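If you're wondering where the values come from, they're calculated on a predicted model, not measured in any experiment.
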Amino acid sequence: MTDETDILTVYTSLLCGSGNHLRAFNEQLLAQGVTYVPQVISQAEWDAIASTPRETCGG
């Protein structure tokens with residue numbers, strides 16, 4: 001854990017962007033009738049991210 005503001009800001013922005021990319025990826029798969037089964041994170045984590053609205057990152 002860190003309390004360095006710059007590191008926390010970058011990490012938060014990357015996490016936000018990653019969630020948006022996951023949601024966009026999932027939306028495209030669902031539009032093609034494909035249900036993705038996560039390989040690295042749990043299904044619960046995937047569902048929690050995929051079910052939330054797109055975020056505005058860093059601004």
Side-chain angles (χ1 to χ4, degrees):
M1 191 61 143
T2 184
D3 60 355
E4 293 292 328
T5 304
D6 291 343
I7 293 172
L8 293 171
T9 299
V10 169
Y11 178 77
T12 301
S13 292
L14 288 170
L15 191 59
C16 178
S18 293
N20 285 340
H21 282 108
L22 185 146
R23 283 185 281 279
F25 175 74
N26 192 51
E27 288 170 10
Q28 291 301 310
L29 289 176
L30 291 174
Q32 296 178 37
V34 176
T35 301
Y36 179 73
V37 177
Q39 304 297 306
V40 176
I41 63 175
S42 70
Q43 185 68 52
E45 290 172 305
W46 173 271
D47 293 342
I49 297 167
S51 66
T52 57
R54 183 183 179 281
E55 299 175 80
T56 301
C57 306

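The two residues Leu22 and Ile49 come nearest to each other via the heavy atoms CD2-CG2, 3.7 Å. Closest non-hydrogen pair, Cys57 versus Gly17, comes out as SG-N, 3.4 Å. Here the closest heavy-atom approach between residue Cys16 and residue Arg23 is recorded as O-NH2, 4.4 Å. Looking at every heavy atom in both residues, Ser51 comes nearest to Ala48 through OG-O, 3.4 Å.
If you chain together hydrophobic residues whose side chains sit under 4.5 Å apart, Leu14 and Ile41 never meet in one group.
Between the CG atom of Asn20 and the OG1 atom of Thr56 there is a distance of 8.0 Å, given to the nearest 0.5 Å. With rounding to the nearest 0.5 Å, the separation of CD in Glu4 from OG1 in Thr9 is 10.5 Å.
For Asn26, the side-chain hydrogen bond (donor to acceptor under 3.5 Å, both in side chains) test picks out no residue, with sequence neighbours left out. For Tyr36, the ring pair (Phe, Tyr, Trp, His ring centres under 6.0 Å) criterion is met by Phe25, Trp46, not counting sequence neighbours.
At distances below 3.5 Å, not a single donor-acceptor pair connects side-chain atoms of Glu55 with backbone N or O atoms of Pro53.
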